[in-house]
**Student:** 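For reference, the structure I am asking about is given below.
Computed from heavy atoms alone, side chains included, the values below leave out hydrogens, waters and symmetry copies. Every chain is numbered from 1 and lettered A, B, ... according to where its sequence line falls, protein lines coming before strand lines. Predicted model, so just to flag it, every value in this text is computed and none were measured.
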There are 2 protein chains.
Amino acid sequence: MMVKARAPRNSLTRERVVACAVTLADRDGVPALTMRALADELGVRPMAIYNHVANKEDILDALVDHVFGEVYLPVADGAWREELASRSRSLRLALGRHQWATALMETRVRPGEATLTNHEAVLDVLLSNGFSLSAAAHAYAVVDAFVYGFALQEAMLASIDLPSSAQTIRDAMDLTKFPRMAQFAGEHVMQPGYSFADSFEVGLAMVIDGAGALR
Amino acid sequence: MMVKARAPRNSLTRERVVACAVTLADRDGVPALTMRALADELGVRPMAIYNHVANKEDILDALVDHVFGEVYLPVADGAWREELASRSRSLRLALGRHQWATALMETRVRPGEATLTNHEAVLDVLLSNGFSLSAAAHAYAVVDAFVYGFALQEAMLASIDLPSSAQTIRDAMDLTKFPRMAQFAGEHVMQPGYSFADSFEVGLAMVIDGAGALR
DNA sequence: ACCTGAACACCGTTCAAGT
DNA sequence: ACCTGAACACCGTTCAAGT
């Protein structure tokens, strides 16, 4: 835990605080994101941060909004399928870059500017392309459920590194008790070329086709 | 924070600790689930808990596994579509009863007995009903992504109570900036009979039909 | 207006001591 | 074997004080 050089007065801003918090969360995880660690990284005393954010909750809210700020904004006059797919891929990648995001979203309920802007753009794509309000509601809910859930699964798998640990799991587990998992691990997951990520496009096609059927 | 009566010696077990932790997390949320609060609820001193669990991480792992213990175990000789749908509905309900579960899952990577057992049952349903290993992998990933993601969205919405706060949001927001959201809120979400939950069956049908196409 | 130091009421967990 | 008390190194945040 090395202490950074002291930052000059008036150099601290809300943006710097949030950007630094994102970096810290990416690098060390949310549990390590303490006001003290953040202050240290910013070259400032913990209480200085409170001049720019209300409290830690405020920072966590901003963290989630920051992630949405990285997500592609679909345009309403494009082909709706491709726009929806692009924004879904972009959302998945953003959630993948910031593995803490899905878990954090669950407790954050104050949506920020970037979140609302993205939400608005998606709704505009749907409503401008023949979706009724009801169809748009279903389509949006289903597509986002898939993207969030896929990102969640990838985050779960990321900390375990499936291929390399599958062998360990297979050894440790009672194979007579979980024969399907043993088969699945040995004959599929551990084979060269397997990638969980490949299922993303498969599922995305399903939910976007399904959305099209609602239109 | 009332202190419970002191529990008699030898009455503490790992099962009681975990069950109490689930109750506490349901009632007050995970942040309020501290070793001290848990001990208080159990009628014991904090350190007594450590005779039955390794540490707090161990409890959090057990919490997630407890949720999977509530999920329907599909049977392989049934109709695979109905079995998959039942276990998906059951999983969604379990995640809904324990709103903290999806967020916790992201950081827990040591799957427990109940988790593995459920995983095994789902794989068995797919592999016993004509799915190749590759098709089963895609189907499982996509269906679970949808269920996890839907539960995550419901958890997000639960803490906000959409219908009642939609008006507030609509008033507070710059309507010229988010016209689609204003329209969506006013003409759809706030209408009587609207329920986000209705999108679950719509999406479930999409992903299960999609899975069938992979078979 | 912005930053700091000391302090308060919390955490999870250790260790030695009790039964 | 199981439980406790005191202690340690942490938390987020308050408040009064500095510049």
**Student:** First locate atom OG1 of B/T13, then atom CG of B/N51, and finally report the distance between them rounded to the nearest 0.5 Å.
**Tutor:** 12.5 Å
**Student:** Could you give the CD1-to-P distance, from A/I49 to D/dT14, as a whole number of Å?
**Tutor:** 14 Å
**Student:** Between A/H138 and A/F131, is the ring centre distance below 6.0 Å?
**Tutor:** no
**Student:** Can you tell me the distance, in whole Å, between the OH atom of A/Y50 and the P atom of D/dA17?
**Tutor:** 21 Å
**Student:** Test side chain to side chain contact (heavy atoms under 4.5 Å, CB included) on A/V67 and A/L104 and set out the steps.
**Tutor:** CA-CA 11 Å; A/V67 174; A/L104 217 49; over 6 Å; no
**Student:** Under 4.0 Å between a side-chain nitrogen and a carboxylate oxygen: does that hold for A/R110 and A/E57?
**Tutor:** no
**Student:** Given C/dT13, D/dC15, C/dC3, which nucleotide is nearest the side-chain atoms of B/M47?
**Tutor:** C/dT13
**Student:** Nearest whole angstrom, please: distance from the C1' of D/dC2 to the CG of B/L42.
**Tutor:** 15 Å
**Student:** Here's one to test your reading of the geometry: is the NZ or CZ of B/R89 within 45 degrees of the ring axis of B/Y72 and under 6.0 Å from its centre?
**Tutor:** no
**Student:** Side chain of A/A48 only, heavy atoms from C-beta on: which candidate in C/dC3, C/dT13, C/dC2 is closest?
**Tutor:** C/dC3
**Student:** Using whole Å, what does the distance between atom C1' of nucleotide C/dG12 and atom CG of B/D58 come to?
**Tutor:** 14 Å
**Student:** 5'-most contact on DNA chain C: B/R9 or B/L33, nearest heavy atom basis?
**Tutor:** B/L33
**Student:** Mind calculating the distance between CG (A/N51) and C1' (D/dT13) to the nearest angstrom?
**Tutor:** 13 Å
**Student:** Check DNA chain D against residues 16-24 of chain B and give the residues with a non-hydrogen atom under 4.0 Å, in numerical order.
**Tutor:** none
**Student:** Among C/dC2, D/dT4, C/dT4, which nucleotide sits nearest the side chain of A/N10?
**Tutor:** C/dC2
**Student:** Could you grab the distance from atom CE of B/M105 to atom CD of A/E106, nearest 0.5 Å is fine?
**Tutor:** 9.0 Å
**Student:** Would you mind reading off the distance between A/I59 atom CD1 and D/dG12 atom P, rounded to a whole angstrom?
**Tutor:** 9 Å
**Student:** Are the aromatic rings of B/F150 and A/Y148 close, with centres under 6.0 Å apart?
**Tutor:** no
**Student:** Does C/dT4 have OP1 or OP2 under 4.0 Å away from a side-chain N or O of A/R6?
**Tutor:** yes
**Student:** Answer with base, sugar-phosphate or nothing: what part of the nucleic acid does B/M35 contact at a heavy-atom distance below 4.0 Å?
**Tutor:** sugar-phosphate
**Student:** Think A/H52 has a side-chain N or O under 4.0 angstrom from the OP1 or OP2 of C/dC3?
**Tutor:** yes
**Student:** Select one nucleotide: of D/dC2, D/dT13, C/dG12, the one nearest the side-chain heavy atoms of B/T34.
**Tutor:** C/dG12
**Student:** Assert yes or no for the condition that the ring centre distance of B/F178 to A/H119 is strictly below 6.0 Å.
**Tutor:** no
**Student:** Which string of ( ) [ ] | and . matches DNA chain D, if you list each base 5' to 3' and count Watson-Crick or G-U pairs only when both distances are under 3.5 Å?
**Tutor:** ||.|||||...|||||.||
**Student:** Measure the distance from CZ on A/R45 to P on D/dG12 and round it to the nearest whole Å.
**Tutor:** 16 Å
**Student:** For the side chain of B/K56, starting at C-beta, report the closest nucleotide among C/dC3, C/dG12, C/dG5.
**Tutor:** C/dG12
**Student:** What nucleotide among C/dC2, D/dT13, C/dG12 has an atom nearest to a side-chain atom of B/R36?
**Tutor:** C/dG12
**Student:** Measure CG/A/D40 against P/D/dC10 and give the value in whole Å, please.
**Tutor:** 12 Å
**Student:** By side-chain hydrogen bond (donor to acceptor under 3.5 Å, both in side chains), which residues pair with A/E70, not counting sequence neighbours?
**Tutor:** A/H66, A/R97, A/H98
**Student:** Give the C-alpha distance, both sets of side-chain angles, the deciding distance and a yes or no for side chain to side chain contact (heavy atoms under 4.5 Å, CB included) between B/V189 and A/L133.
**Tutor:** CA-CA 9 Å; B/V189 173; A/L133 287 166; over 6 Å; no
